[in-house]
Student: 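Just dropping this structure here.
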Amino acid sequence: LLLVCSNHIPRSHIITEDYPVEMYYEKQVDAFRQLGALAERYGVRIGYEPLSWGTVVDNWMQVWDIVKRVDRENVGVLLDSFNTL
């Protein structure tokens, strides 16, 4: 199982008028599809964890939306007690 966390980058460097949140999500979906395909060759699962201090993705609902769009059996949501309490 490989853990991938959301990131913390200054928001002004990510989301702009020309690069809205939805476009960011689509890039995430594409990246996780590619990572999932590569990981599948090695029998590895991918867990996407939202960090509460993440710049764009900071809660489980966003991660769940992205993971559903990825639609791969080996890519899922990973939560710890910090995220759920």
Student: Where do V57 and V63 come nearest, in terms of heavy atoms and distance?
Tutor: CG1-CG2, 3.5 Å
Student: Please report the C-alpha distance between L35 and V75 in whole Å, then the side-chain angles of each, then the deciding distance to 0.1 Å, and finally whether the side-chain contact (heavy atoms from CB on, under 4.5 Å) criterion is met.
Tutor: CA-CA 9 Å; L35 182 59; V75 177; over 6 Å; no
Student: F32 versus I46: any side-chain heavy-atom pair under 4.5 Å?
Tutor: yes
Student: Any chance CD of E22 has more than 12 other-residue heavy atoms, nucleotides or ligands included, within less than 6.0 Å?
Tutor: yes
Student: Quick one: pull up CZ in R45 and CG in L3 and give me the separation to the nearest 0.5 Å.
Tutor: 12.0 Å
Student: Can you pull the side-chain hydrogen bond (donor to acceptor under 3.5 Å, both in side chains) pairs that have at least one residue in residues 32-41, sequence neighbours excluded?
Tutor: D30-Q34, E40-R72
Student: Taking the side chain as every heavy atom from C-beta outward, state whether V44 and N74 have any atom pair closer than 4.5 Å.
Tutor: no
Student: Tell me, with the steps shown, if N59 and Q62 meet side chain to side chain donor-acceptor pair (under 3.5 Å).
Tutor: CA-CA 6 Å; N59 66 68; Q62 292 169 300; 3.0 Å; yes
Student: Of the non-hydrogen atoms in P50 and L78, which two are nearest, and what is the gap between them?
Tutor: CD-O, 3.7 Å
Student: Can you check whether Y19 reaches K27 side chain to side chain, under 4.5 Å on heavy atoms?
Tutor: yes
Student: Below 4.5 Å, heavy atoms only, C-beta onward: do D58 and S52 meet side chain to side chain?
Tutor: no
Student: Which distance, rounded to the nearest 0.5 Å, do you find between the CZ of R69 and the CH2 of W64?
Tutor: 13.0 Å
Student: List the atom of I66, the atom of Q28, and the distance in Å for their closest heavy-atom pair.
Tutor: CD1-OE1, 3.9 Å
Student: Give the minimum heavy-atom separation between H8 and W53, together with the two atoms involved.
Tutor: ND1-O, 3.0 Å
Student: Does the side chain of V77 reach to within under 4.5 Å of the side chain of Y48, using non-hydrogen atoms?
Tutor: no
Student: Heavy-atom distance under 4.5 Å between the side chains of E49 and D80, does that happen here?
Tutor: yes
